[in-house]
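Take a look at the structure set out below.
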Amino acid sequence: MGIFIVFCLLIGLIIGYNMPVLLPVIYAKYMSIAILAALDSVLGGIRAYMDKEFDNTIFISGFIINSLLAAGLAYLGDRLGVELYLAAIIVFGVRLFQNLGIIRRYLMKKY
Amino acid sequence: MRDKIPQVSIAIVCLVLGIMLALQFKATETYEASFLPSRLEELTQKLNVLTEERDTLAEETASLREKLSNVRETDEAMADLQEELHKANLAAGLVALKGPGVIITLNDSTRALQPGENPNALLVHERDIIMVINELKASGAEAISINDERIIAMSEVRCAGTMILVNWNKIGPPFTIKAIGNPDMLESGVLIKGGYFETLKYLGLQTSIQKEEEIEIPAFSRTIKFSFGQPVQYTETKEEK
């Protein structure tokens, strides 16, 4: 499972690097927030998979909507002059570490 | 089949995440890399420019001394006057020039306007052109023209609605800026790290710079009038040295 995920990530990276698209700098900030949300979704999905309570709909919708919402929130924050992206960073950052912790415990139990 | 679904969807999501990560890496990489200053190269170039300047100044001193002695002899005074006139015409931009240099083109962005975005963000403004020709001047350009309008000391580059005024002529995009000078020096001056040209590129404007073996820059085509200014009588003080 772990190797499988890393493999898919690698393929994605290779595709991304060879894409002839260059992200404009103004959008790079929103992209980084979206990536954080996406990373959180993936780790959440893996945790749920290990908990045996994986729900495909929740996972996919969470991935798409969380990313868009996070990027949209950051954009809205920029319009309003409030650094709302900090909220996204804190929330997703905390959840990321929680999920990582749970996954680590599962892996330690397993091996 | 049922327990394959999570794996497949995690795989797809990981793939998308990978693409996003790669795009982001690429964006930040190019951004940061372009701001790492290659100071050494810059300083070397500056040193070269200054050395060259010093040499030309020394030459000029020598030729001025020679002229001074010529004037004293009065025979060749007329010829010197002719030469001086020629030099003044060159400096004033009243003579068409040709030589090596660079051709820069600037055009409005082809990017579609984002909702809520200011349309000004996609256009080439007069300040962009001013910054670019300023950079060219700083890099040792000897003559500059914009869409074949020669830039002289009193030339304006001014916003006039949808057009730009240069020498009181309206010009519009695409803007072709020609400059005669050392092509390498001009190019590196314009493309300086963190410089204005880079900003224009990031804003999505269509920019290009091209080194040329030979370009031609027309002469200033209007008359230069002095209605108010009067030359102040200057006295020859150099002779006393």
Side-chain angles (χ1 to χ4, degrees), chain A residues 1-2 4-64 66-67 71 75-76 78-79, chain B residues 1-36 107-124 193-208:
Chain A
M1 179 69 188
F4 181 60
I5 289 168
V6 171
F7 181 67
C8 283
L9 210 57
L10 270 180
I11 290 180
L13 279 173
I14 290 167
I15 294 174
Y17 261 110
N18 292 320
M19 272 201 320
V21 197
L22 189 64
L23 203 65
V25 183
I26 9 171
Y27 301 127
K29 190 174 153 197
Y30 306 131
M31 188 63 154
S32 61
I33 305 286
I35 286 175
L36 201 63
L39 205 62
D40 169 66
S41 286
V42 171
L43 287 178
I46 294 168
R47 198 210 66 196
Y49 178 76
M50 288 174 158
D51 271 344
K52 302 266 184 299
E53 52 187 31
F54 185 86
D55 185 325
N56 197 36
T57 330
I58 291 177
F59 177 61
I60 297 285
S61 66
F63 172 72
I64 295 171
N66 271 358
S67 302
Y75 178 77
L76 182 73
D78 274 358
R79 296 305 109 195
Chain B
M1 186 61 213
R2 190 96 200 110
D3 62 301
K4 277 270 189 276
I5 289 176
Q7 294 198 7
V8 170
S9 56
I10 288 179
I12 293 169
V13 164
C14 277
L15 206 72
V16 176
L17 182 65
I19 293 174
M20 284 164 80
L21 276 173
L23 283 180
Q24 178 75 2
F25 287 163
K26 259 198 328 194
T28 45
E29 210 172 72
T30 45
Y31 191 56
E32 272 163 18
S34 62
F35 271 91
L36 279 177
N107 204 351
D108 297 341
S109 175
T110 51
R111 178 162 68 88
L113 199 62
Q114 304 287 316
E117 199 180 22
N118 190 342
N120 277 332
L122 304 184
L123 301 179
V124 178
K193 311 290 176 202
Y196 201 75
F197 206 69
E198 201 173 66
T199 316
L200 292 180
K201 218 179 258 179
Y202 272 116
L203 290 175
L205 300 180
Q206 300 179 63
T207 57
S208 77

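Here the structure is a predicted model, which is why all the values come from computation and not from measurement. FYI, side chains are in, hydrogens and waters are out, and symmetry mates aren't considered; it's all heavy atoms of this structure. Labels below follow one simple rule: chain letters A, B, ... track the order of the sequence lines, proteins then strands, and each chain is numbered from 1.
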> How far apart are the C-alpha atoms of A/F54 and B/S9, what are their side-chain angles, what is the distance that settles it, and do they pass the side chain to side chain contact (heavy atoms under 4.5 Å, CB included) test?
Replying inline: CA-CA 11 Å; A/F54 185 86; B/S9 56; 3.6 Å; yes
Between [atom1] on residue [X] and [atom2] on residue [Y], distance to nearest 0.5 Å:
X     : Y     : atom1 : atom2 : answer
B/Q7  : A/I5  : CD    : CD1   : 8.5 Å
B/I19 : A/L9  : CD1   : CG    : 10.5 Å
A/I35 : B/L21 : CD1   : CG    : 4.5 Å

>> If the test is side-chain contact (heavy atoms from CB on, under 4.5 Å), which one of A/V6, A/I46, A/V42 qualifies with B/C14?
In response: A/V42
> Taking only residues at least two apart or on different chains, which pairs with a member in residues 28-37 of chain A satisfy side-chain hydrogen bond (donor to acceptor under 3.5 Å, both in side chains)?
Replying inline: A/K29-A/D78, A/Y30-A/D78
Given that the side chain runs from C-beta out, which part of [X] has a heavy atom under 4.5 Å from chain B: side chain, backbone, both or neither?
X     : result
A/Y27 : side chain
A/A34 : both
A/Y17 : both
A/I14 : neither

Please give me the minimum heavy-atom distance between [X] and [Y], naming the atom from each residue.
X     : Y     : value
A/C8  : B/A11 : SG-CB, 3.5 Å
A/A38 : B/M20 : CB-CE, 4.4 Å
B/V13 : A/F59 : CG2-CE2, 3.5 Å

>> Between B/L23, B/L203, B/L17, who has the most heavy-atom pairs with chain A when the cutoff is under 4.5 Å?
In response: B/L17
